[in-house]
Amino acid sequence: MKFHIKLWNFSTYRNRINSLPSDIPFITIPSSTLHTVNFDQETSRSAAGQPIGSFYGYEEMGIFQSADDVVKHGSQPNAKPGDLIFKDLNGDGIINGNDRTFIGSPLPKFTYGFNGGLQWKTFDFSLFIQGSYGNKIYDLTRYYGDFFNLSAYNKNVRVMDAWSPTNTNTSVPRLSLNDPNNNIRPSSY
């Protein structure tokens, strides 16, 4: 039996914007894929101290389980049981565009690869592995697949487990055709 490693690699880098001109607080590309109103909807933002193209949005903290939970949270207009809970980052008592923050970077902390093989008599087995670690993914398929106010699209099978008064142990928000809480805003969900 013969084992051989053909190639392996490992790389790391750090990507951070050190500064921008004083009249430019950040750089963004408005999203044309998000169809809601009254919320700033860009999904990425580049700002000093952050990696280029960092994800930007609301911090999701779970799902409201009851009307009492909604009242106790007290800062999310139009929320109902089954809606996503968003964090009031600036503490002003209202969830709005001022409560957005950096929620991750698409850039990995490191990447790796390995190419090896094993030979035994007339059999040959090859293996190739590659990957990245430490990056976040903005899963836009959840936007189209989990929310019913976007009814023109096929839905994820996950919606079969959406929140309802009889199904509260789930991470999928309630189904709604008019979503007044705006669950679909860019967030860590």
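Side chains are part of it too, since the values below use all heavy atoms of this structure and drop only hydrogens, waters and symmetry mates. In what follows, residues are counted from 1 in the order of the sequence shown.
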What's the separation between atom [atom1] in [X] and atom [atom2] in [Y], rounded to the nearest 0.5 Å?
| X | Y | atom1 | atom2 | value |
| --- | --- | --- | --- | --- |
| Leu118 | Leu127 | CG | CG | 10.0 Å |
| Ser46 | Ile24 | OG | CD1 | 12.0 Å |
| Phe110 | Asn135 | CZ | CG | 10.0 Å |
| Gln65 | Ile85 | CD | CD1 | 7.5 Å |
| Asp179 | Lys80 | CG | NZ | 10.5 Å |
| Ile137 | Ser132 | CD1 | OG | 7.5 Å |

Check whether any side-chain heavy atom of [X] sits under 4.5 Å from a side-chain heavy atom of [Y], and report yes or no.
| X | Y | answer |
| --- | --- | --- |
| Arg185 | Phe86 | yes |
| Pro81 | Asp69 | no |
| Ile52 | Ile17 | yes |
| Pro173 | Tyr189 | yes |

For the pair [X] (side chain) and [Y] (backbone), establish whether a donor and an acceptor sit closer than 3.5 Å, ignoring hydrogens and angles.
| X | Y | value |
| --- | --- | --- |
| Asn167 | Asp161 | yes |
| Thr28 | Ser44 | yes |
| Arg174 | Ser164 | no |
| Asn15 | Pro51 | no |
| Ser54 | Ser105 | no |

For [X] versus [Y], what's the shortest heavy-atom pair and its separation?
| X | Y | answer |
| --- | --- | --- |
| Asn115 | Phe128 | CB-CD1, 4.0 Å |
| Arg158 | Val172 | NH2-CG2, 3.5 Å |
| Asp88 | Asn90 | OD1-OD1, 3.0 Å |
| Asp124 | Gln119 | OD1-CG, 3.4 Å |
| Gly97 | Arg100 | O-NE, 2.8 Å |
| Asn78 | Asp83 | O-OD2, 4.0 Å |

Worksheet item: Does the ring center of Tyr133 lie less than 6.0 Å from the ring center of Tyr112?
Response: no

Is [X] linked to [Y] within one hydrophobic cluster, defined over Ile, Leu, Val, Met, Phe, Trp and Tyr using a side-chain heavy-atom separation of less than 4.5 Å?
| X | Y | result |
| --- | --- | --- |
| Ile103 | Tyr58 | yes |
| Phe55 | Leu140 | yes |
| Ile95 | Val70 | no |
| Leu177 | Val159 | yes |
| Ile129 | Phe10 | yes |

Those residues at least two apart in sequence (or on a different chain) that pass side chain to side chain donor-acceptor pair (under 3.5 Å) with Thr168 are none

- Angle class for the Tyr56/Phe102 ring planes (parallel below 30°, perpendicular above 60°, tilted otherwise)? perpendicular

- Query: Should we count CZ of Phe123 as having more than 12 external heavy atoms under 6.0 Å?
  - Reply: no

Exercise. Would you find more than 12 non-hydrogen atoms of other residues, nucleotides or ligands less than 6.0 Å from Asn169 atom CG?
Worked result: no

side-chain contact (heavy atoms from CB on, under 4.5 Å) between Glu59 and Thr101, worked out
CA-CA 7 Å; Glu59 283 188 41; Thr101 189; 3.6 Å; yes

